[in-house]
Amino acid sequence: MLRERQRGGFEFTPGYRDVPAARGAGRVAASLERRMAFYITTPIYYVNAAPHLGHAYTTIGADILARHMRQRGEDVFFLTGTDEHGEPVAQAAEREGVSPRELADRNAQRFRDLMPRIDVSNDYFIRTSDPRHKKRVQEIMQRVHDNGHVYKGIYEGWYCPRCADFKTENELGPGNTCPIHKIPLDKEREENWFFRLSSFQEPLERLYAEQADFVMPRQRFNEALSFITSGLNDVSLSRAKIRWGVEVPWDPEHVFYVWFDALLNYVTALGFAHDGKDETAEFWPATYHVMAKDILKFHAVIWPALLLAAGLELPRHLFIHGYLLMKDASGEEHKMSKSLGNVLDPFAVMDTFGTDALRYYCFREVSFGQDGSVSTATFGDRYESELANEFGNLASRTLAMIGRYRDGVVPEVDVDPALADDFEGLTDEVSELLDRAEITQALERIWQRVRRLNRYVEERAPWQLAKEPDRAEELDVTLRSLAEGLRVVTVLLWAYIPQTARRLLAAMGRLEDDGGPTPRETGVPALEIAGARFGAEPGGFEVQRVPPLFPKPQ
Ligand code: ME8
């Protein structure tokens with residue numbers, strides 16, 4: 001999954017390279033031994049409306065993986081951004097009576113501002129209206145043209161302007177509507193450039209046969225494969241009717257169909273993200289493209305075919321998560337979307353409960369990879385019972401007891417072997433799960449230890465031990481073990497709840513907390529995953545009490 005850092009020129013390879021299916025502990029061990037490149041992307045979001053929780057969800061998921069990999073010492077590149085061309089944006093601009101450029105500038109800024117607000121540590125934010133992106137799209141597409149993969153023809157079909165996609169007959173909703181947006185489709189007929197997708201049927205089938213984890217989870221792999229084996233038709237590559245897009249270099253009357261321009265962002269961004277430095281050789285191919293299932297077909301079928309046509313390497317994995325759903329008044333579940341207007345406002349949640357609470361809730365409540373409902377009621381339950389009562393209380397009482405019974409110094413004794421047993425293998429397990437982007441399962445493993453630590457407090461009853469002077473050693477071991485357990489779970493939780501983890505590790509004297517936004521924090525020894533092993537750090541350090549980490553909202 002992770003590949004060794006490669007150096008050298010930006011090579012156009014004739015096909016995809018086989019990736020040995022390194023799995024499980026071997027991969028974790030390898031990544032602990034040497035630095036690896038880890039390139040992760042989110043979809044680039046349409047600027048036809050403001051961001052909502054669905055966008056935040058994907059981006060936080062990618063952020064959790066990026067942060068975890070940085071803790072492993074990997075060389076991480078994390079990309080997000082906005083998709084600004086094409087009909088969805090042009091039409092939204094027309095409705096609002098502004099130019100597409102004005103609408104794109106306004107909404108791209110909202111997406112850009114969202115990132116620090118949700119503590120997302122992206123390395124770059126790409127906008128497809130950036131001239132550097134457009135130039136690179138033209139170069140790559142010219143290559144696709146020169147390699148003989150395009151031709152001119154007539155297109156006739158049902159088109160959804162919101163999806164910017166032509167629908168096949170078996171994708172049509174009742175009365176020729178879009179199954180996603182529920183709006184009537186337009187019957188379009190025009191002269192277009194076509195991409196010979198059909199000629200990639202065999203190479204794509206081979207890719208799926210040889211790379212069983214190209215699309216994850218398995219259900220999405222099967223969906224993509226069955227789409228391929230049911231027969232691929234050529235797809236429209238350009239549009240002549242709209243001007244808001246990247247000009248086709250060999251036929252400037254046309255602009256590229258927005259999906260071609262959009263997909264290529266994953267490659268183009270590496271060429272200019274950090275001024276003057278082309279990082280393509282270091283980071284391409286991507287380790288993970290993360291997205292929801294609505295755009296599976298583009299990424300699992302068209303994208304690899306396009307890369308093959310351009311002679312570029314294929315990404316290692318696509319991780320396809322489910323939809324966040326919300327119930328309507330009648331109790332029926334719907335995909336949360338801006339067009340259906342049924343969104344849980346992430347900003348309101350964060351204003352009241354903090355960013356970490358939102359980050360935690362999304363990945364605890366909805367298993368990453370599955371659809372799941374979100375609601376203010378289940379948010380409130382998890383906030384109170386898990387964040388405040390289980391984790392917050394564990395932290396407060398551990399630090400308070402060390403303050404009360406040992407003057408705030410963690411005793412310098414060995415940890416309790418019984419608790420050590422329960423933590424055995426935790427860090428590798430979490431790393432292996434996150435290697436497969438199993439964010440919810442990894443969180444569950446960490447949370448089991450949070451619960452174990454709470455049970456340990458009850459079992460050991462330190463307040464009781466403190467009353468019996470001849471049991472002082474037992475109290476030492478108990479407090480030291482609790483502090484160590486708390487440290488380990490906090491380091492592992494850092495990728496999920498970075499602000500709280502930082503506050504807590506600062507209270508334990510492990511790192512500084514200036515109270516500002518949570519930076520990328522690479523090369524901070526206290527956060528390294530290698531140190532997140534129970535018993536890895538000696539006692540003898542001072543801790544401070546913390547105010548409630550997840551207070552009752554006012
Ligand atoms: O499709 N649940 O942009 P988009 C979970 N520009 N995730 C959700 C969601 C929900 N209810 N709603 C949105 C586009 N998302 C194209 C992509 S990529 C080269 C071009 C997330 O603004 C999820 O990641 O419609 C989904 O795939 C994406 O937003 C769609 O964003």
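Atoms within each ligand, like the ligands themselves, are counted from 1 in listed order. We number each residue from 1, following the sequence as shown. Remember, predicted model here, so these are calculated numbers, not experimental data.
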### Task
Answer with yes or no whether K293 contacts ligand 1, where contact means a heavy atom under 4.0 Å from a ligand atom.
no
### Heteroatom distance test (A292, ligand 1): nitrogen or oxygen, under 3.5 angstrom
yes
### Task
Identify the residue among V47, D130, N107 that makes a side chain to side chain contact (heavy atoms under 4.5 Å, CB included) with E84.
V47
### Query
Does K167 count as lying over the ring of Y159, i.e. NZ or CZ under 6.0 Å from the six-ring centre, within 45 degrees of the axis?
no
### Residue selection (non-hydrogen contact nearest atom 17 (C) of ligand 1) among L296, V374, D371, I44
I44
### Closest candidate by heavy atom, reference atom 19 (C) of ligand 1, pool F260, Y323, F298, Y266
Y266
#### Entry: D294, any N or O under 3.5 Å of ligand 1 N or O
yes
### Query
Quick one: does G322 get within less than 4.0 Å of ligand 1, heavy atoms only?
yes
### Query
Parallel under 30°, tilted from 30 to 60°, perpendicular over 60°: which one fits the rings of F379 and Y383?
parallel
### Query
Cation over ring, R359 on Y57, under 6.0 Å and within 45°?
no
### Message
Is there a polar contact, in the sense of an N or O pair closer than 3.5 Å, between Y45 and ligand 1?
### Response
no
### Query
Which bit of L324 is near ligand 1, meaning a heavy atom under 4.0 Å away: side chain, backbone, both or neither?
both
### Message
Has H299 got a side-chain atom pairing as donor or acceptor with I295's backbone, closer than 3.5 angstrom?
### Response
yes
### Query
Do any N/O atoms on T58 end up under 3.5 angstrom from N/O atoms on ligand 1?
yes
### Message
Please check: side-chain N/O of H52 versus main-chain N/O of G54, any donor-acceptor pairing under 3.5 Å?
### Response
yes
